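Before any comments, here is the structure.
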Amino acid sequence: MRKLVAGKLHGIYVTEANLNYHGSITLDPDHCEEAGILPMEFVEIWNKNSGARISTYVILGQRGSRCCILNGAAARTCQPGDQIIICNSVYLDESRITLLKPKVLTFDESNHVRDRLSYSVNVDPEGRYTFSILDEASTVLPVPLMVSGA
């Protein structure tokens, strides 16, 4: 079994940090449902501003609020206005990797969904893995590569 990306909220903005609540991250249920993130599920959180990396569990806030609230100890790692990445995962037998199509949402500064993407792994005729990022229309998008001369 391999631990693989199942869904991701990429670049969502922290709306509040509540040190006195008893833990977790509070998220808008609409965002969670669309990305396949469950209440009480453990997620990894990566702060794009500070580089901090933490793990906590999800609780659901008010539907439609676009909230992203770090609670308890997590509130020390992310402040309002920080842009973070929230990622859940799944354990899957490697033979099933081509069936997994993680949903990735990207956000604007008001936590409205900007892009709805998915990841896709396939196998080429030589039996090697290929990786694609697809938009809502299933158009293949470029995968970031090393910049030449860098």
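What you are looking at is a predicted structure, and each value in this text was computed from that prediction instead of being measured.
- E16 contributes no side-chain N or O that, together with a main-chain N or O of I69, makes up a donor-acceptor pair within less than 3.5 Å.
- With contacts defined as side-chain heavy-atom distances shorter than 4.5 Å, the pair V104/V5 does not qualify.
- One distance of note links SG of C67 with CG of L60; it measures 9.0 Å at 0.5 Å rounding.
- Considering only heavy atoms from C-beta on, F107 comes within 4.5 Å of V113 through its side chain.
- Using a 4.5 Å cut-off on side-chain heavy atoms (C-beta onward), Q83 and N49 make contact.
- Two residues are said to be in side-chain contact when any heavy atoms from C-beta on lie closer than 4.5 Å; L105 and H10 fail this criterion.
- Checked options K103, K101, K8; the residue passing with Y119 is K8 (criterion: side chain to side chain donor-acceptor pair (under 3.5 Å)).
- More than 12 heavy-atom neighbours from other residues, nucleotides or ligands sit within 6.0 angstrom of CZ on F131.
- For the pair R66/H112, a side-chain contact is recorded, criterion being any heavy-atom separation below 4.5 Å from C-beta on.
- Looking at I37, L9, L27 one by one, the single match for side-chain contact (heavy atoms from CB on, under 4.5 Å) with V43 turns out to be I37.
- With H31 contributing its side chain and C68 its backbone, the two residues share no donor-acceptor pair below 3.5 Å.
- Under the 4.5 Å side-chain criterion, counting only non-hydrogen atoms from C-beta, K48 is in contact with I85.
- Not one N or O on the side chain of D108 forms a donor-acceptor pair closer than 3.5 Å with the backbone of R114.
- The backbone N or O of S65 sits less than 3.5 Å from a side-chain atom of D28, completing a donor-acceptor pair.
- Rounded to the nearest 0.5 Å, atoms CD1 (I59) and OG (S24) are 3.5 Å apart.
- A donor-acceptor pair under 3.5 Å links the side-chain atoms of N88 to the main chain of G36, judged by distance alone.
- Side-chain contact annotation: N47 with T77, donor-acceptor N/O pair under 3.5 Å absent.
- Residues meeting the side chain to side chain donor-acceptor pair (under 3.5 Å) test with E33, sequence neighbours left out: R63.
- Shown here is Q62, whose CD atom has no more than 12 heavy atoms of other residues, nucleotides or ligands within 6.0 Å.
- Nearest heavy-atom pair, R76 versus L19, reported as atom, atom and distance to 0.1 Å: NH2-CD2, 3.2 Å.
- Considering D124, V121, N122 in turn, V121 is the only one that fulfils the side-chain contact (heavy atoms from CB on, under 4.5 Å) rule with Y129.
- Residues passing the side-chain contact (heavy atoms from CB on, under 4.5 Å) test with L4, sequence neighbours excluded: R2, L92, I97, L100.
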